[in-house]
Amino acid sequence: MAKKKTIRTIPQERTPMREQEPRARAKNFEEVACGYDVGEALREAERCLLCPDQPCVSGCPVGIDIPGFIRKIGENNTRAAYDVIAETNLLAAVCGRVCPQETQCEEVCTVGESLEPVAIGRLERFVGDAAIREGWVNVPHIEANGFRVGIVGSGPAGMACAADMAKAGCEVTVFEAFHQPGGVLKYGIPDFRLPNGVVDAEIENLRRIGVRFECNTLVGRLFTIEQMVDELGFHAVFIGTGAGYPSMLGVPGDSLNGVLSANELLTRCNLMRARDAAFDTPIPLGKRVAVIGAGNTAMDAMRVCLRLGAEKVYCVYRRSRAECPARAEEVHHAEQEGIEFHWLTAPVAILDDGKGGVRGMRCIRMELGAPDDSGRRRPMPVAGSEFDFEADQVVYAIGTNANPIIGQTSRLKLDKRGYIATDESLATSMPGVFAGGDIVTGAATVIEAMGAGRRAARGMKAYLGLHDAARAAGGETLFGIDLGERNFVRLRAAA
Amino acid sequence: MEAARLSQFEIVAREDFSDVTYLLEVRHPLMAKAARPGQFVIVMAHERGERIPLTIADFDRSRGTITLVVQAVGKTTREMQQSCKVGSTLHAMVGPMGIPSPISGAKKVVCVGGGLGVAPIFPQARGFKEAGTYVIGVLGFRTKSLVFWEDKFRACCNELILCTDDGSAGLKGLVTEGIKRAIAKHRDIDEVVAIGPPVMMKGCAEATRPHKIKTLVSLNPIMVDGTGMCGGCRVKIGSEVKFACVDGPDFDGHLVDFDDLMTRLRRYTQVERAAAERWSANCRMKDLADPAAPAVELLELPDPFDDVKGG
């Protein structure tokens, strides 16, 4: 038996992950971070104290047994590590890459109290990549229960919900408006952060557990949510359509041809492959590009522009670096690649080149005042500090509003901003219809959407009267009937 | 919900109206059931193609089909002119998109279609007719040989004013001449609906503005997803910015900033022209090897929704 690990005996430094050199990678769409090899993964796994409190598990929105899978990596049994992750998360390769671990599992890691926290995200990616490479897939024994579940939107929320409902034995169909499934993982997040091949592999895993994907299907318009329940025979429906609808600044010059939303730029590049001459979709190529906003989407847009051949890419943000919503790692990567950051700068107008295009931008300097509703210090314009600078393309990455389609086409109750109103279990105002992700909360992260998908799945299972495996073991019973099965009358009706 | 039906977009009929305008009838029973006048689809011809919005020119619930009328203007639409033969399939077709046109309780309407807008104004004219409205059709073509669907329109319009630029058929002049004539004859027109190139719709809006007649136009800007996600199709309506794909495509013609729309439609003109030129150069090479011309044929279909009557 090895000696008990302590904070003093483990490797003190976090195992670095190899990255493409910034100057080289700013010219290609290959992944920036290369991932751990076995030796690196073993070394990093060694840093986990396997502490009894397991704060990381409660820090994970989907509750992965983190010490469990790290222990298996430490035993050099990657397959077993995959089995542990796959119990709660079918999308390890995706989550290992795009989750903001530094504010979730790694933030609360015990090791992190005195050293750098264990690189949980990198270890998860190591396992997920191995599973894709080796073709591992855990197809659990699934007993069909006769319930049909319809899922609207194939992004992270829809995928997570689909996985749980399929594992529970439901016949799951996922509807997607685009011609390929994956949602924001496909059209939004660029290949250098999350290769589309990884997303496809994860979707293939869902197909193997019986999930059906129907693309080219715009729910709301081709058929409505009401029709799904009343006519198409779905016993439960989950809506995970995302927020979408990008905000525009509302300054003069908004509609100039060199101005576009980050969503449009990213979709053209990532999903439509506009950067590849063999694909027909055009993409605007700016030489000097200004991206407004400093969230993760803004970082993606800037780095895409660099790779498309822009000479200069500027980030224009009205608050300071401390308030910027992007992950620190993304800002760091962007900086390394040569993005120029202009903090405390707000656009006043986009300047016309006289031919309908952009010649530059008029900005004003800002200073921070008292905290606003978001708790961040409110940026205030400095009088008389306007200045112009040259740019031939402007990309807006300043957030999104609720997509109106489901609201226009159903009787679902919406909140005052147009997002779908739900209760704690993510049930909407229509019986059997659940919703989660950005269309409920407004723009958030991939893992939060996945967490919402799983939470909704729990609500749906309760609604359908399905056993929840975790609760069935030792759950409360009344006259021998599991109380978790709130709706057991319905279960009998379906049987 | 038959999976096979949703994922195959078979072309069941094709008709060529001229050397640039062609009609495709695509099988999609579910969409034929859902479609309403004024809506549109987004089509991808092949896996590497771009997504292009096309207004639904007609839908036939008994045949389970959607009709599109396409003008070969760029690379994609010219390529489709060659590749979309009866029996072939589109890579993708999603819809019906957009808010259906309100077939209002108007007593008397003028339905204006110019060029490519002639086809999509048809379901609206038919919708009004079915609602008991007095329908005056105004159709504009360049010349007599380009005229199509005259019979279809005669069947659903109480009056039809045909206009040609050169006077070879009907009235000589633009559709705005037709509108003026209709307004002069009928003092009680409640509404004008116009579909066509932006410059035509602008003309229509100007023609009705002095008479304060409610005028709806259908905008077809550049789109990618068509679901409100990219914002590429944003248009200025009065003081507001709207997305044509989910807030439209119909808007009050008196509020639309047409100059802005026309500028935005030119976003990719250069790239598109280059792509079209590259493509035609390629085709000439291929033509030398295979001089087969696209066949024009019609296929009879069984009725998948016999009980539901069309339109």
Side-chain angles (χ1 to χ4, degrees), chain A residues 150 173 175 177-180 184 187 212 214-218 220-224 227-228 232-234 241-248 250 254-258 260-261 263-268 271-274 276 278-285 355-357 396 400-401 403-405 408, chain B residues 1 3 6-7 9 28 30-31 33-36 39 42 44-51 74-76 79 91-100 222 224-232 234-236 241 243 245-247 257 260-264 266-268 270-272 274-275 278-279:
Chain A
T173 309
F175 297 103
F178 266 127
H179 51 288
Q180 284 179 25
V184 72
Y187 74 73
R212 250 180 38 193
E214 287 288 352
C215 293
N216 299 302
T217 308
L218 181 60
R221 293 289 174 203
L222 188 60
F223 44 80
T224 61
Q227 281 177 302
M228 287 178 78
L232 300 175
F234 289 105
T241 50
Y245 211 97
S247 303
M248 293 289 147
D254 254 2
S255 67
L256 291 172
N257 279 343
L260 73 167
S261 74
N263 275 2
E264 179 174 359
L265 176 88
L266 293 171
T267 305
R268 286 177 183 274
L271 178 74
M272 304 310 294
R273 308 314 257 191
D276 181 340
F279 287 74
D280 289 346
T281 300
I283 196 157
L285 295 175
K355 291 176 288 189
Y396 287 176
T400 54
N401 296 307
N403 187 298
I405 295 178
Q408 287 168 347
Chain B
M1 174 89 33
L6 275 186
S7 49
F9 313 104
H28 197 320
L30 210 51
M31 202 191 295
K33 258 178 131 173
R36 298 285 178 276
Q39 292 186 298
I42 283 191
M44 273 177 90
H46 55 82
E47 206 185 351
R48 296 180 163 197
E50 56 181 337
R51 296 169 64 89
K75 188 220 168 197
T76 298
E79 197 174 36
H91 178 66
M93 180 169 82
V94 55
M97 293 172 143
I99 301 173
I222 297 168
V224 183
D225 59 299
T227 61
M229 194 272 289
C230 83
R234 61 188 188 275
V235 287
K236 278 191 198 163
V241 173
F243 292 180
C245 64
V246 289
D247 300 322
D257 184 337
D260 180 70
L261 174 70
M262 287 186 264
T263 309
R264 290 190 56 75
R266 286 195 290 269
R267 286 169 78 186
Y268 295 110
Q270 281 184 353
V271 201
E272 274 164 11
R278 269 200 310 278
W279 178 78

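Predicted model, so just to flag it, every value in this text is computed and none were measured. Every chain is numbered from 1, with letters handed out A, B, ... down the list of sequences.
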(request) For chain B, find which of A:Gly250, A:Ala274, A:Pro246, A:Gly233 contributes the most heavy-atom pairs closer than 4.5 angstrom. (result) A:Pro246
(message) Could you check whether A:Phe234 and A:Phe223 have their ring centres less than 6.0 Å apart?
(response) no
(message) Between B:Arg234, B:Gln39, B:Met31, B:Lys75, who has the most heavy-atom pairs with chain A when the cutoff is under 4.5 Å?
(response) B:Arg234
(request) Check each atom of B:Met44 against the heavy atoms of chain A and say whether the ones under 4.5 Å are side chain, backbone, both or neither. (result) side chain
(message) Between A:Asn401 and chain B, with a heavy-atom cut-off of 4.5 Å, which part of the residue counts as in contact: side chain, backbone, both or neither?
(response) neither
(message) Is B:Glu47 in contact with chain A via its backbone, its side chain, both, or neither, using a 4.5 Å heavy-atom distance?
(response) backbone
(request) Name the option with the most non-hydrogen atom pairs under 4.5 Å to chain A; the candidates are B:Val235, B:Asp247, B:Ile222. (result) B:Asp247
(message) Between B:Arg51 and chain A, with a heavy-atom cut-off of 4.5 Å, which part of the residue counts as in contact: side chain, backbone, both or neither?
(response) both
(request) Can you tell which part of A:Tyr396 gets under 4.5 Å to a heavy atom of chain B, answering side chain, backbone, both or neither? (result) neither
(request) Give the member of B:Gly228, B:Ala34, B:Gly231 that has the highest number of heavy-atom pairs under 4.5 Å with chain A. (result) B:Gly228
(message) Looking at chain A, which one of B:Ala92, B:Pro96, B:Gly95 has the largest number of heavy-atom pairs inside 4.5 Å, strictly under?
(response) B:Pro96
(message) Side chains of A:Asn263 and A:Ser261 only: does a donor on one sit below 3.5 Å from an acceptor on the other?
(response) no
(request) Side chain from CB out, backbone as N, CA, C, O: work out which of these in B:Asp260 comes under 4.5 Å of a heavy atom of chain A, or both, or neither. (result) side chain
(request) Pick one of side chain, backbone, both or neither for A:Ile283, based on which atoms fall under 4.5 Å of a heavy atom in chain B. (result) backbone
(message) Just so I know, are the side chains of B:Cys245 and B:Met97 near enough to count as touching, which here means a heavy-atom distance under 4.5 Å?
(response) no
(request) Give the ring-plane orientation class for A:Tyr245 versus B:Phe243, where under 30° counts as parallel, over 60° as perpendicular and anything between as tilted. (result) parallel
(request) Answer with side chain, backbone, both or neither: which region of B:Arg264 has an atom nearer than 4.5 Å to a non-hydrogen atom of chain A? (result) both
(message) I need the residue from A:Leu271, A:Asn257, A:Thr281 with the largest number of non-hydrogen atom pairs under 4.5 Å to chain B.
(response) A:Asn257
(request) With a 4.5 angstrom heavy-atom cut-off, could you sort out which part of A:Leu218 is near chain B: side chain, backbone, both or neither? (result) both
(request) Search all heavy atoms of A:Glu264 against all heavy atoms of B:Gly232 and return the closest pair with its distance. (result) OE1-CA, 3.1 Å
(request) Determine the option with the most heavy-atom pairs under 4.5 angstrom with chain B, choosing from A:Pro282, A:Ala177, A:Gly242, A:Gly258. (result) A:Pro282
(request) Measure across A:Met228 and A:Phe175 and return the closest heavy-atom pair with its distance rounded to 0.1 Å. (result) CE-CE1, 3.6 Å
(request) Pick one of side chain, backbone, both or neither for B:Thr227, based on which atoms fall under 4.5 Å of a heavy atom in chain A. (result) both
(message) At a heavy-atom distance under 4.5 Å, which candidate from A:Gly356, A:Ser255, A:Ala278 has the highest pair count against chain B?
(response) A:Ser255
(request) Check the pair A:Thr241 / A:Asn403 against side-chain hydrogen bond (donor to acceptor under 3.5 Å, both in side chains), numbers first and verdict last. (result) CA-CA 8 Å; A:Thr241 50; A:Asn403 187 298; over 6 Å; no
(request) With a 4.5 Å cut-off on heavy-atom pairs, point out which of B:Val241, B:Ile99, B:Ile42, B:Asp257 contacts chain A the most. (result) B:Ile99
